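Contents: one structure, followed by commentary.
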Amino acid sequence: MRLARRATKISPSPTLSIDARAKELAAAGEKIINFGVGEPDFDTPEHIKAAAIEAMARGMTRYTPVPGTLELRQAICAKLLRENGLSYSPGEIVVSCGAKHSLYNALQVLVDEGDEVIVPAPYWVSYIEQVKLAGAEPVVVTTRPENDFKLTPAELAAVLTPRTRLLILNSPSNPTGSVYTAAELQALAAVVVEAGIWVLSDEIYEKLIYDGAKHVSIASLGPEVKVRTVVVNGVSKAYAMTGWRIGYAAAPAEVAKAMADLQSHSTSNPTSIAQAAAVAALNGPQEPVSAMVAAFAARREYILERLTALPGVRCRRPAGAFYVFPDVSAYFGRSFKGRVVESATDLAALLLEEAKVAVVPGAAFGDDRFLRFSYATSRENIAAGMDRLAAVLASFA
């Protein structure tokens, strides 16, 4: 038997693989401290769950329009105008089964075989695989810590070719937590418009932002760039709704129609009940979001304090999301119990087996000098994990 070529080119998600291994060890009785998974540890707010229950009670259990209910698409339009200064009509909105699904749909309708897609690194793990599934070639641009891991206009211009079709932009970023300023985005937009390429703007972490930073959507910086941008967002991170699987894309009408047509032959509509819950999330009280962000901010302070106190570990201060991305390359070439560490991948494996601490190696994000820690876990877990990490690193030869 032979699998299709596209299937043989797919790599499993490293973040989910780490999480699965951590849960396997936990099921065997090990006490694992898991910094690997990227989801809030808070429960979905009660008013959102109540909206889902009410939707079931009134019989909202059938198919909806493929791109989502009109009520939800109107709520998304209102949110984009209110919070992002973006004007869209419901016909330019496509609701999908999570932001990951929205990204997949967008790439499937925007790029062809042989096109090039620019992906700044460090990048979220699924971008590369989704680009390859669309038949395109990922062009990875390694960004620099001294630039806060943000792509510069010169770096973007340097990799443009006649085959360049699209730029993937993620702000706030997973895994680095970097947040682009309006001026930085405006400079990138100028290159994008001149080159005539698309932007796929992943803004799923937009509400998780700190230190007075402000989220800006590149699509809001003028009509010339807006018509070349697909904005992707969702309710999973901001409202602790990862399992509800609701993401959305805002795009020019022709692109939105193509995405909806594609979706009509794959998943059809997202879950009707989850759509009702998403309406309540977007239109309802936002205090639970503020409380969650405040808790994340306090955890960020603590994990940064603990990491920067470790000899040889360097970690810049993230402005958004709920990850830290420390450089652990000072430990490469050193050994623990005769086991030599040559990469962050080696160190992550060692930490899981020896310290029972699960982290994701930077290789998953395009730079194996780093580890990604999610602080979407309790202060107690962070403290215990940092204690274990410090004990292992102190024992290196």
Side-chain angles (χ1 to χ4, degrees), residues 8-25 32-39 100 103 117-133 136-151 155 159 168 170 173-178 202 303 307 310 312-316 318 321-336 339-376 385 389 392-393 396:
T8 63
K9 294 178 181 178
I10 304 170
S11 302
S13 168
T15 51
L16 295 182
S17 298
I18 291 286
D19 187 54
R21 176 58 178 153
K23 288 175 178 174
E24 182 182 300
L25 290 171
I32 304 297
I33 305 296
N34 193 347
F35 293 106
V37 70
E39 68 175 342
K100 182 184 287 189
L103 292 164
V117 174
I118 298 171
V119 185
Y123 46 71
W124 180 53
V125 295
S126 291
Y127 294 150
I128 298 296
E129 303 306 320
Q130 291 193 0
V131 169
K132 291 191 295 186
L133 280 169
E137 180 182 335
V139 177
V140 175
V141 181
T142 302
T143 60
R144 294 171 290 166
E146 55 268 31
N147 286 341
D148 204 25
F149 295 111
K150 290 186 273 193
L151 181 71
E155 289 168 338
V159 294
I168 297 179
N170 180 207
S173 164
N174 174 8
T176 66
S178 300
D202 182 352
I303 198 169
L307 283 170
L310 296 171
V313 174
R314 293 173 292 167
C315 188
R316 46 164 293 283
F322 42 63
Y323 309 106
V324 284
F325 200 57
D327 183 337
V328 293
S329 58
Y331 289 86
F332 298 173
R334 299 170 66 181
S335 63
F336 178 86
R339 184 174 173 179
V340 178
V341 168
E342 300 290 357
S343 64
T345 297
D346 291 346
L347 183 56
L350 186 151
L351 289 173
L352 184 56
E353 301 300 330
E354 297 286 343
K356 310 307 179 203
V357 171
V359 296
V360 186
F365 312 104
D367 197 325
D368 210 18
R369 297 172 296 170
F370 298 84
L371 296 173
R372 191 194 75 173
F373 291 75
S374 167
Y375 51 88
L389 175 64
V392 167
L393 294 183
F396 267 72

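Only a predicted model underlies this, so the values are computations on that prediction, with no experimental measurement involved.
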Checking [X] side chain against [Y] main chain: does a donor-acceptor pair fall under 3.5 Å?
| X | Y | answer |
| --- | --- | --- |
| S343 | D368 | no |
| D346 | L350 | no |
| N147 | F149 | no |
| Q130 | K100 | yes |
| R316 | T176 | yes |
| D148 | K150 | no |
| T143 | A121 | yes |
| S374 | V37 | yes |

Quick one, [X] and [Y] - any side-chain contact, counting heavy atoms below 4.5 Å?
| X | Y | answer |
| --- | --- | --- |
| V392 | L351 | yes |
| I168 | L103 | no |
| K356 | L352 | no |
| L389 | L307 | yes |
| V141 | I118 | yes |
| L347 | L371 | yes |

Please report the shortest heavy-atom distance between [X] and [Y], naming the atom on each side.
| X | Y | answer |
| --- | --- | --- |
| P138 | V119 | CB-CG2, 4.4 Å |
| E342 | V340 | OE2-CG1, 3.3 Å |
| I33 | G385 | CG2-CA, 3.8 Å |
| R372 | P175 | CD-CB, 3.4 Å |
| D367 | R369 | OD2-NH2, 2.6 Å |
| C315 | F325 | SG-N, 4.1 Å |

**Request:** May I ask you to check whether F35 and F322 place their ring centers less than 6.0 Å from one another?
**Result:** no
**Prompt:** Considering residues, nucleotides and ligands other than R314, do more than 12 of their heavy atoms fall under 6.0 Å from its CZ?
**Reply:** no
**Prompt:** Should we count NZ of K23 as having more than 12 external heavy atoms under 6.0 Å?
**Reply:** no
**Asked** Could you go step by step and tell me if E155 and R144 meet the salt bridge (Lys or Arg N to Asp or Glu O under 4.0 Å) rule?
**Response** CA-CA 11 Å; E155 289 168 338; R144 294 171 290 166; 3.5 Å; yes
**Prompt:** Just checking, any donor-acceptor pair under 3.5 angstrom between side chains of Y127 and D202?
**Reply:** yes
**Message:** Set out, in order, the CA-CA distance, both residues' side-chain angles and the distance that settles side chain to side chain contact (heavy atoms under 4.5 Å, CB included) for E353 and R21, then state yes or no.
**Reply:** CA-CA 10 Å; E353 301 300 330; R21 176 58 178 153; 3.4 Å; yes
**Item:** Nearest-0.5 Å distance, CD of residue E137 to NZ of residue K132
**Value:** 11.0 Å
Please tabulate, one pair per line, all N/O donor-acceptor pairs under 3.5 Å involving side-chain atoms of residues 357-366, not counting sequence neighbours.
none

**Request:** Please list, chain by chain and in numerical order, all residues satisfying side-chain hydrogen bond (donor to acceptor under 3.5 Å, both in side chains) with Y323, sequence neighbours excluded.
**Result:** Y205
**Fill in**
Sorted by chain and number, sequence neighbours left out, ring-ring contact (aromatic ring centres under 6.0 Å, His included) with F396 holds for Y331, F336
**Complete:** Partner of F370 under side chain to side chain contact (heavy atoms under 4.5 Å, CB included), picked from S329, P145, P122, is P145
